[in-house]
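Numbers here simply count residues along the sequence, with the first being 1.
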Amino acid sequence: MLAAVLLFGLVISGTAYASGESGETSETETLGGDGTSAPEEQAGDAEEQTEDAQKETEDTKEQTGDPESALGEAVENGRYAGDEVIADGVYIDEIDVGGMTPEEALRTVLSYVEEAKKKTLTVTLEGAEEVEPITTTASELGLHTNEPSEIIMEALALGKDGNLITRYKAEKDLKTSNQVFELGMAIDQEQVSRFVTERTEGLSVEPVDAELTRTGDGFSVSESRTGIKVDVPATIEEVKKAFQDWNREDVTLAAVAEITQPRYTTAVLSQIQDPLGEFSTKTSDRSGGKLQNVQRGVDLTNGILIMPGESWSMHDALAPFTAENGYTVQIAYQGNSYVQEYGGGICQLATTLYNAALLSEVNISKRSNHSMVVKYTLEGLDATINDGGSKDLELTNDFDFPIYIEARHNGGGKVTYTIWGKETRPENRTLKFTHNILSEEYLPDEVTVDPGMAPGSQDVKQATSYPKMTVEAYKEIYVDGVLQERIKLHTDKYLASARKVVKGPDLPVDPSTGLPVGADPNGGQQADPGVGQPEAPDGGQTQAPPAAEAPTQAPPAAEVPTQAPPTEAPSQPELSVPAPED
């Protein structure tokens, strides 16, 4: 039969066939002598352009949500009546539309799309079982289909369009296999991006740091937890891929995420278990203001955790030196004199921590000495900070384990710093820190006569005479008590400051004895008020002239714990005195 049809087509050259339910008609296509199309062909071109315009109108209507109107216009302007049916064996997606009119097929397709919109997307987060997955519908993702009427009209035309051979082949194919037209559903890119960006915030898990707590015999460490952060752009792409070859079922996928580690893990903090170095200093100053400053400084520098590779500034931890930050005005060094400043005496903490750091062999990346010697540690082994931070005590953790700074104050002027970590040094290895005074020079007393004072009286303004001094500091390493190495740490220079006395006019001379009135005729003399020997760092007596003792009238300026950057009390703009230089 097919051979006969083909033969018939060859005999009737130039003839094309069109088919409808009402029967078959033929049209003869005639070319002009100049090779141009006949008027019938030109009319066909015009008709084709009209169909293209109509198609654009239909597409616009469907994209604006009016597929019924688009289908109605397609049927009205097409070559098939609205009551014609689609051939058997024709599917649109999973819908068997065979035997349906275009209108019936459209209703079925739209119902199918609505069911598809109810399908869900569930996004999980692998590794975070305690986090609830997030779920949405395909409708919320903007699921839609473009041009369903166009697909329906293509399905309707199958087996009806084309010449006899084309129609015959289409009918033959439909008897052996189904013809499936893809509906082409898609999700809205902007709605997907908005969903992933806004909703996956709830999936992300913040890391939880381990917490270190000081106990009576050591430390306890809480459990840390890793965090998970959703990679939003990558997750958006995963959602898009899931709907590219979508099987019209519910979708479950894992968000793309990266693990974020806590800063402090349980394993790392658990290494802090051994005291690496401890040092204490004590001041004889019992003024409430000085003790208030010391206690405030202890509160601000206790419980400091320094991770490997990190640096810590004592100045930054203590500043600002203001009343609002808990400090009071006390005496501090400024050059070779005293000033009144907020935070006066806080440098004792710097000296104490400096010596603890030396014993711990922590890297001391910044340190300065006082402008004048202090009495609570050896010369050359003190440290200070100042208000502006140019003098600071900075520690850098070069170990592969964290270190912990513990500060204590007994309430009476004794300050203790302990640095904790992981002890890796041999037990038979010990350290000692010493100094070598290269030069020492005292100034004579500065005596000022005040005619308004009673004859023979005096007022000691600064009881201590501070020497001009150059000192070398050394670190000595012993193994089994035998010196193995002596390392020079630094050379410090201190300014001199004379003892300062204001006195009245000299006493008149007793003509009978030739001595000042009131003098002991036997050679003794009344003791000068306010004159005394300062206390040496080891509790003994210094050789005259005395070194670095607190003034009689007022406590000495900014005493600081050993080995910390020189800071002799920060200044306040409200004070009439200038800021200290040290």
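For the pair R367/D492, a side-chain contact is recorded, criterion being any heavy-atom separation below 4.5 Å from C-beta on. Proximity of V373 to P467: side-chain heavy atoms (C-beta onward) are separated by under 4.5 Å at one or more points. K468 is not listed as a side-chain neighbour of L495, based on a closest heavy-atom distance of 4.5 Å or more. Looking only at side-chain heavy atoms (C-beta outward), L318 and T301 come within less than 4.5 Å of each other. Between I477 and L483, every side-chain heavy-atom pair lies at or beyond the 4.5 Å cut-off. Looking only at side-chain heavy atoms (C-beta outward), M307 and P402 come within less than 4.5 Å of each other. You'll find the side chain of V123 reaches within 4.5 Å of the side chain of F195, heavy atoms only. Counting only heavy atoms from C-beta outward, the side chains of I419 and Y417 never approach each other to under 4.5 Å.
With rounding to the nearest 0.5 angstrom, the CG atom of N363 is 8.5 Å from the CG atom of L395. Atom NZ of K461 is separated from atom OH of Y338 by 13.5 Å, given to the nearest 0.5 angstrom. Rounded to the nearest 0.5 angstrom, H490 NE2 and Y474 OH are separated by 10.5 Å. Atom CG of N302 and atom CG of L349 lie 11.5 Å apart (nearest 0.5 Å). The OG atom of S270 sits 8.5 Å away from atom CG of L212, with the distance rounded to the nearest 0.5 Å. Taking CD1 from I306 and CZ from F401, the interatomic distance works out to 12.0 Å, rounded to the nearest 0.5 Å.
The closest donor-acceptor contact from the side chain of S457 to the backbone of M453 lies at 3.5 Å or more, if one exists at all. Judged by distance alone, the side chain of R296 and the main-chain N or O of N325 form a donor-acceptor pair under 3.5 Å. In this structure, T135 contributes its side chain and T122 its backbone to no donor-acceptor pair below 3.5 Å. Although no hydrogens or angles enter the test, the distance criterion places no donor-acceptor pair under 3.5 Å between the side chain of H409 and the main chain of V298. The backbone N or O of D316 lies less than 3.5 Å from a partner atom in the side chain of S313, making a donor-acceptor pair. A distance-only check finds no donor-acceptor pair linking the side chain of S222 to the backbone of A210 [under 3.5 Å]. Between the H315 side chain and the A319 main chain, no donor and acceptor come within less than 3.5 Å of each other. Between the side chain of N336 and the backbone N or O of A496, at least one donor-acceptor pair lies under 3.5 Å. In terms of modelled atom types and a separation under 3.5 Å, the side chain of Q484 and the main chain of V482 share a donor-acceptor contact. Put simply, the side chain of R194 never gets that close to the backbone of E198: no donor and acceptor are under 3.5 Å apart.
Legend: salt bridge (charged side-chain N to carboxylate O under 4.0 Å, His left out) pairs involving residues 254-267, not counting sequence neighbours, sorted by first then second residue: R263-E310. The salt bridge (charged side-chain N to carboxylate O under 4.0 Å, His left out) contacts involving residues 409-431 comprise E361-R425, E361-R429, E423-R425, where partners must be two or more places apart or lie in separate chains. The side-chain hydrogen bond (donor to acceptor under 3.5 Å, both in side chains) contacts involving residues 446-455 comprise nothing, where partners must be two or more places apart or lie in separate chains. Sorted by first and then second residue, the salt bridge (charged side-chain N to carboxylate O under 4.0 Å, His left out) pairs with a member in residues 202-212 form an empty list; sequence neighbours excluded. Among residues at least two apart or in separate chains, salt bridge (charged side-chain N to carboxylate O under 4.0 Å, His left out) pairs with a member in residues 217-241 are E237-K240, E238-K241.
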Quiz prompt | Derivation and outcome, side-chain contact (heavy atoms from CB on, under 4.5 Å), residues V208 and S224 | solution = CA-CA 5 Å; V208 176; S224 59; 5.9 Å; no
Quiz item: Between E278 and R408, does a salt bridge (Lys or Arg N to Asp or Glu O under 4.0 Å) hold up when you go through it step by step?
Solution: CA-CA 11 Å; E278 181 175 287; R408 304 189 300 277; 3.5 Å; yes
Self-check item: Evaluation steps, side-chain contact (heavy atoms from CB on, under 4.5 Å), between V447 and Q458
Solution: CA-CA 9 Å; V447 180; Q458 68 177 19; over 6 Å; no
Self-check item: Test log, rule side-chain contact (heavy atoms from CB on, under 4.5 Å), inputs V256 and V230
Solution: CA-CA 6 Å; V256 181; V230 174; over 6 Å; no
Self-check item: Test side-chain contact (heavy atoms from CB on, under 4.5 Å) applied to V294 and V415, step by step
Solution: CA-CA 8 Å; V294 168; V415 175; 3.4 Å; yes
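In this structure, L353 and I405 approach most closely via the heavy-atom pair CD1-CG2, 4.0 Å. Scanning all heavy atoms of the two residues, the minimum distance from A257 to I228 falls at CB-CG2, 3.5 Å. The two residues V131 and G202 make their nearest non-hydrogen contact at CG1-O, 3.8 Å. Nearest heavy-atom pair, I403 versus N397, reported as atom, atom and distance to 0.1 Å: N-ND2, 3.7 Å. A pairwise comparison of heavy atoms in A498 and L443 identifies CB-CB, 3.8 Å as the closest pair. Contact record, L276 with S360: C-OG, 3.4 Å, taken as the closest heavy-atom pair.
With ring centers used as reference points, F321 lies under 6.0 Å from Y327.
Using a 4.0 Å cut-off between charged side-chain N and carboxylate O, E472 and K488 make a salt bridge. The pair D382-K375 fails the salt-bridge criterion, with no side-chain N (NZ, NE, NH1 or NH2) lying under 4.0 Å from an Asp/Glu carboxylate O. Residues E201 and R199 are not paired through a salt bridge, judged by the lack of any N-O separation under 4.0 Å between the basic side chain and the carboxylate.
Judged by distance alone, the side chains of W420 and Q273 never bring a donor and an acceptor atom under 3.5 Å apart. Looking at Y404 and T418, their side chains never bring a donor and an acceptor atom within 3.5 Å of each other. Side-chain contact, Y442 with E440: a donor N or O sits under 3.5 Å from an acceptor N or O. For the residue pair Q462/S497, the side-chain donor-acceptor check at 3.5 Å is satisfied.
With sequence neighbours excluded, the residues that form a side-chain contact (heavy atoms from CB on, under 4.5 Å) with T328 are Q292, N293, Q330.
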